[in-house]
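Read through the structure below, which is laid out as structure tokens, and then see the notes.
Residue numbers begin at 1 in each chain, while the letters A, B, ... track the order of the sequences.
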Amino acid sequence: SNTPDAPAQGTGGQANAASPNDAPGKKVTIGFSGPAADHGWLAAINSFATAEAKKYPDVTLRVAEGTNDASMQISHIETFINDKVDAIVMLPTDGAALTNVATKAMRAGITVVNVDREFSSPFAARTTILGDNYGMGVSAGTYACQLVKDKKLTDPVIAEIAGVDALPLTQDRSRGFADALKGCQQTVDRRVAAQFTVESGEAAAANLLQAAPKLDIVWNHDDDQGVGVKAAFDAAKRSEFSFIGGAGSANAMRWIKAGQMSATVIYPPTQAADGIRLARLLVQQKGLSDLLQAEVPRRVVLNAPVVTSSNVDKYLPLGFES
Amino acid sequence: MTQEPRELLAMRGIVKLFPGVRALDGVDLGVRPGEVHCLLGQNGAGKSTLIKVLGGVHRPDAGEIHWRGAPVALTGPLSSTRLGVATIPQELDLVDGLSVADNIHLGHEHARFGFTRRGRTARSAVELLTRLGHPEIPPGAEVGGLPAAAKQIVSMARALSRDASLLVMDEPSAVLDQREVDRLFTVIRELTAQGVAIVYISHRLEEIREIGDRVTVLKDGRTVAGGLDVASTPTPEMIRLMTGRAIEYVFPPRRKEIADASPVLDVRDLALRGSFEGIGFTVRPGEVVGLAGLVGSGRSEIVETVYGARKATSGTVLVDGVVLRPGSVPAAVAAGVGLCPEERKSQALVLGDPVASNITIATLDRFARAGFLKARAEREAAEELSGALDVRPSDVDREVRTLSGGNQQKVVLARWLLRECRVLLLDEPTRGVDVGARSEIYALVRDLAERGVAVVVVSSEIEEVLGLADRVLVIADGHILTESPASSLTEHTVLDLILNGAAA
Amino acid sequence: MDGPQAGKRSIRGLMAGGRTLGLVIALGVLCVVGAATAGERFASLDNLLTVLRLASVIGVVSVGMTFVITGGGIDLSVGAIVALSSVWATTLATQQMAENSHWIVMVGCALLVGAVCGLINGLLVAYGKIAAFIVTLAMLAGARGLAEIIANRRTQIVRDQDFVEFFGGSVLGVPVLVLMFALVAAGGWVLLNRTTFGRRTIAIGGNAEAARLAGIKVARHTTLLYVLLGLACGIAAVMLMARTTTGTSTHGGLYELDAIAAVVIGGTLLSGGRGTVVGTVLGVLIFTTLTNVFTLNNLDTSTQAVAKGVIIVVAVLLQQRIANRPGETHVR
Amino acid sequence: MDGPQAGKRSIRGLMAGGRTLGLVIALGVLCVVGAATAGERFASLDNLLTVLRLASVIGVVSVGMTFVITGGGIDLSVGAIVALSSVWATTLATQQMAENSHWIVMVGCALLVGAVCGLINGLLVAYGKIAAFIVTLAMLAGARGLAEIIANRRTQIVRDQDFVEFFGGSVLGVPVLVLMFALVAAGGWVLLNRTTFGRRTIAIGGNAEAARLAGIKVARHTTLLYVLLGLACGIAAVMLMARTTTGTSTHGGLYELDAIAAVVIGGTLLSGGRGTVVGTVLGVLIFTTLTNVFTLNNLDTSTQAVAKGVIIVVAVLLQQRIANRPGETHVR
Ligand SMILES: Nc1ncnc2c1ncn2[C@@H]1O[C@H](COP(=O)(O)OP(=O)(O)OP(=O)(O)O)[C@@H](O)[C@H]1O
Ligand SMILES: Nc1ncnc2c1ncn2[C@@H]1O[C@H](COP(=O)(O)OP(=O)(O)OP(=O)(O)O)[C@@H](O)[C@H]1O
Ligand SMILES: [Mg+2]
Ligand SMILES: [Mg+2]
């Protein structure tokens, strides 16, 4: 880690006040499976999840090898079913592709908590925690519109640096962004895609800068690749535009604080950790203490708030080190 | 000779084992400075293996080697080179992607601080090639693009470049023609005059008569006669030592009369740009037609083009009156044509495959029902042929790679014998084949002809062409010089024709 | 002469088996480790079937890859072809057609797309005479791009429940997918070892020029090899569609590496001329079991990767010591 | 005899250059297309430098890869080695050491890590006699895993501004990165074409047995080739660290494919024995320019992929027609 003052790992849950639900209960074995953690946000997902599990003496966590291959993930889930775990928390490589096996797990009496990428059947998970990719695009787009209005930009050049283009989530984000821009009669003028890695972000941004001699607003889907994007901006000494990020890494927040970035849209990396908590509650048949409801809701859609210099201090502790 | 001259090299009791084979089983060899010492032995007798032990390629399992009277241990090619031994191996050891000059100096480059000195490299290459009588081979040309004979010359130049005191030549004349062999002998005499010793391996006994001082005969991995004086040993005695029996080294009698049938193979005005043109000849069933000429005259190209392996620029090939699709080997094979190509290693053999499947590869369909192989039938056929040709070792499951050169050649022949072709094209069929097997092959060719097969033989040994063929085409520079019955030609007239071009 | 020769042959038999033996031992050790560390959880029938089901998809591709590599080629586009086949077979149009007739239409579509991709690869390699590496690299880019365009980067869901149930089901307790893999492997073995086609494949891979001069239609045969692999990719796509109930352009990610790795570890020469279907199957099983044992033991992904690397090298080194054929190892 | 042979030689000369000529033409066409479709934006000095900068990192790796492939090997682990080098050179410890002395420590660390990884690859291939494909596949898994463990899957930021500025800067208007690439390429060319080391590399790749007979220490030389490539990966890591101001385990993703593709498209034989550094450099430039032109034209990634596939095949086909060497093309 690169900043001595960075917040400690796994602060996601500790921020909340202690609740009676934290009292140890029945032993729970939870299987966790997610995509290959070859990316800061996904790594944060993993580490938040394992850290969360460690907090509960009654939770045993089994972590399957991260993979980007749906077939491989299916076999991990099958292994969990064979293993007769109590609950499965899953961040599917592809929601639809994992629906069948999740349904099988549910039928076998295992509580499935879906994280981030929704199944195609409501019977495949007991609870779904969604990071709302479309909403993330909308937040970014809305903020961009705000900028256009505030800066009184006429005919602004708006660019988008997407993540892995083949992923449905990237498409959702782009769709949200475009839809929100429609609200202020704007369109995306330039769009490039990177691979969620620093290096690809740098390369995509370098090419983008050549393609567009003048830019007004750039939305970069992912703060991980954002490090590279920013390096390309700095190297080219280009800063005439407003730079909006995505995901909400600690790096991005620090840039916002330093005035090197306009905003970032949070996409919480604590989803899986939340999933673990909920899975534990579900198996122990507890409810959410903050809700009057006796049971855990079926669907939790997380907010995608925009972090700007005015509220960055509030979100900084939640920023993940990527 | 009152005092035995001191031996330069003495190998005693050398044993080399390969899995399942005793390749060398106690071989002795003594070589004196300045002599040409010939190694004689049937295919698989262990000559090349002995040479490889000497070259540091194989570590012997037993035996000792003395160099100038002192015992030495050869731990690798480098240690043997350092002693002053250079080898022209039987299987060429050139790098296709490097130039002629670079190949010659590979491993001992002219360099300063690791940087090659290209001028010097090229100059010394030209020097060596000139010494071998081939100043025309460009030192900058990539070796991969050279014809087989030129490659052999380069390999020799490389051995010469080592300034060795013992030069080993493993069947150097196999790819050379008469003229080239003569040049080689001139070089050998120059070298021996300077005190360089030569170990010379060849299956051509007349060469050994001509150049050899002494001869060591190997049989089944053992020395059966060491250091005989060539001059005082008659040829039949050498053959008897080698084979353990007396073989009449003659060509089988020709058939008196060839049926006046219409030709099986009819080549009309065939041309290949840059190689040959205006080639036309016919071969009747039962007839053997020989193509004589110097290396590089384009004979290989002609038979390869007839076979469809190269696409003719013009002209037609008819088999039984039907025109073959140009440039299609399958069409030729389907029409009953077979080719024993010139370079067995690169053109004919699948080295990693067993002997059996190398023999049956062109006849697979015969051993299959609906595409499924009848393994037993296939194996039996392969065993029968390998037995008939006396391929050694007789195990047809052995990888072809581990066979001696001559035995590999027999495997290629067996392939086409199995196929029962209508037309058989043989390009240097006895290259590297020993005396015994050679006469068997001659008999086979005759036998095939008797059975009505049309045979075309290309050979650099004029004697072989004349002895085998009914009719001979003399080829020079891609043209047919003359065409006449073999009986009307002598070795001398053919050589004369070839060398003096339009003498006809 | 019979004595030494018989002995020779049996030694040879042992040596030829040596490589395979090494793999069997490696797999055995892996299973022992699995059983020792994860006990019941590893050594259960359910877990066995899970491993086998996972192995099936990549296994089918690897068997096809064995042929292409044995024939002296290489195919980097298998993953992309699987993706394209799965996407094409699950488009609205195809699914509607399937609805109106039978899901076999989807299967046919996937196989056809796979075969056509293979055909293009094969034609360009054999007749266009472009290096297989380049051709299939281009196909890798092209097919995945096309898959993305067709699917519009969405995951297409298979609606035909009969299809999913058929391929997701079992016959006599054996999952259909595993059965398919077994059939493909058995068929592959017969094809490679007992037919003229297999023999010619080996000859072409060993020495293409010699094969050509022996009258084998090298170009046509080479093309067929790629078509065969394309078909295998089509089958794999069907299996994936059944397994995941989806068709998407992200299917088959990095299958090229996995398949080639399994084939090479199995003992097939990467330079062609020698191939073993049994080795390939063992290679696939080893990789799959490794992942399974890791998961059961709760190893984290990075440690898994390091362990995998070390295990591969150590396994091959050991295997070489077992099947040591002197003079046959090449510096490559 | 002089006539036809001289003719043959000049034709051969032309043909040998033909391959390179084809590449130059391809690059030229690409530039014309770029200028026609994107005008000024393409044909500006800035854009040229952008393309060159992008080409530099993968270019250095590709030059190294040219040696390994020419020498008859292959390396799938280059991307992983780049990642590991970059991570190791940016750990807290290394950066602290660099802070206390000079950023050269970071550079040294990256080069050392790269060279050691290459050494391990080389030793296992040359002395362990394991197929290069397997060894480097294992290294790919191992090195990336280790990089993840060391970096704890974080992106480590380079704090030394001098380092970033030095490598991010320019000399006489030429970016340092581009200069480094040029140096590596020039050095590579000299090494391959003008030194005994280069001659021996070709010999080993073309005919390892012949090289051994010529007294060349094949195993040692092969090891050196991998070390050389490892060093190139270390240099590439330094360049990436400067470019992205970070070290992370995701650096160098799929470099193995990109580098091998550039080398092979450039005209180096994948089976070894023939290599061209100039071709490799052209191959890298073509790929990079292609992406640049695509981006300037706002093409979406899927269409880019399809176009890339088609362009590769068409380009190579055309190039073959230009440099047509009859009888020299192999079905591979
Ligand atoms: N690498 C090897 N592995 C196994 N057996 C081998 C190997 N090399 C040679 N042999 C065997 O050793 C014996 C001697 O072979 P060698 O090549 O020395 O014969 P040769 O006398 O040179 O024959 P030729 O005249 O045909 O060239 C043969 O039986 C051959 O099969
Ligand atoms: N020593 C040489 N140097 C350069 N070119 C040569 C040499 N020998 C042959 N060539 C060229 O190669 C072509 C044919 O060679 P090739 O060896 O195939 O002929 P060939 O008659 O079949 O000889 P062989 O006796 O080897 O069968 C000729 O056009 C000739 O110009
Ligand atoms: Mg020999
Ligand atoms: Mg010839």
Side-chain angles (χ1 to χ4, degrees), chain C residues 72-74 76-77 124-135 137-149 153 204 208-209 212 218-219 222 249 256-257 260-261 264-265 269-272 300-313 316-317 320 329-332, chain D residues 72-74 76-77 124-126 128-135 137-149 152-153 204 208-209 212 218-219 222 249 256-257 260-261 264-265 269-272 300-313 316-317 320 329-332:
Chain C
I74 188 99
L76 301 178
S77 64
L124 287 170
V125 170
Y127 295 93
K129 299 199 166 127
I130 312 179
F133 193 92
I134 297 183
V135 168
L137 191 76
M139 178 59 82
L140 160 67
R144 233 182 243 292
L146 193 59
E148 285 173 17
I149 292 174
R153 301 201 192 91
I204 291 173
E209 177 66 5
R212 187 176 80 95
V218 175
T222 304
S249 60
E256 50 278 6
L257 270 189
I260 298 174
V264 174
I265 291 253
L269 273 191
L270 195 56
S271 50
D300 89 286
T301 318
S302 311
T303 318
Q304 283 194 21
V306 175
K308 210 168 182 169
V310 173
I311 289 175
I312 291 176
V313 166
V316 175
L317 272 178
Q320 256 172 20
T329 37
H330 295 284
V331 178
R332 267 292 142 108
Chain D
I74 188 97
L76 300 178
S77 64
L124 286 171
V125 170
K129 300 203 166 126
I130 312 181
F133 193 92
I134 297 182
V135 168
L137 191 77
M139 178 60 83
L140 161 66
R144 232 181 243 294
L146 192 59
E148 283 174 15
I149 293 175
N152 200 12
R153 299 207 191 87
I204 290 172
E209 184 59 17
R212 194 170 79 90
V218 175
T222 304
S249 59
E256 49 279 6
L257 270 189
I260 298 174
V264 173
I265 291 251
L269 272 192
L270 194 56
S271 50
D300 81 287
T301 33
S302 311
T303 318
Q304 280 193 25
V306 175
K308 206 168 183 173
V310 174
I311 289 174
I312 292 176
V313 166
V316 175
L317 271 178
Q320 257 172 17
T329 39
H330 293 284
V331 178
R332 266 292 142 107

Q. Considering only heavy atoms, which portion of C:V264 lies under 4.5 Å from any heavy atom of chain D: side chain, backbone, both, or neither?
A. both

Q: Can you see which heavy atom on C:L76 is nearest to which on D:L257, and at what distance?
A: CD1-CD2, 4.0 Å

Q | Portion of C:L140 that has a non-hydrogen atom of chain D nearer than 4.5 angstrom | A | side chain

Q: Side-chain contact test, heavy atoms from C-beta onward, threshold under 4.5 Å: evaluate it for C:V135 versus D:V316 and give yes or no.
A: no

(Q) Ignoring hydrogens, what is the shortest heavy-atom contact between D:A141 and C:A305? Give both atom names and the distance. (A) O-CB, 3.4 Å

Q | Best-contacting candidate, D:I312, D:V313, D:I134, against chain C by heavy atom pairs under 4.5 angstrom | A | D:I134

Q. What part of C:I265 gets closer than 4.5 Å to chain D, counting heavy atoms only: side chain, backbone, both or neither?
A. both

Q.
Is C:T303 close to chain D through its backbone or its side chain, or both, or neither, when contacts mean heavy atoms under 4.5 Å?
A. both

Q: Supply the atom-to-atom distance D:T301 OG1 to C:E148 CD, rounded to the nearest 0.5 angstrom.
A: 6.0 Å

Q) If you take all heavy atoms of C:S302 and D:I149, which pair is closest and at what distance? A) CB-CG1, 3.4 Å

Q. Under 4.5 Å between any side-chain heavy atoms of D:L137 and C:I260, yes or no?
A. no

(Q) Does any backbone or side-chain atom of C:R212 lie under 4.5 Å from a heavy atom of chain D? Answer side chain, backbone, both or neither. (A) neither

Q: Kindly compute the distance separating CG (D:L270) from CD1 (C:I74), expressed to the nearest 0.5 Å.
A: 8.0 Å

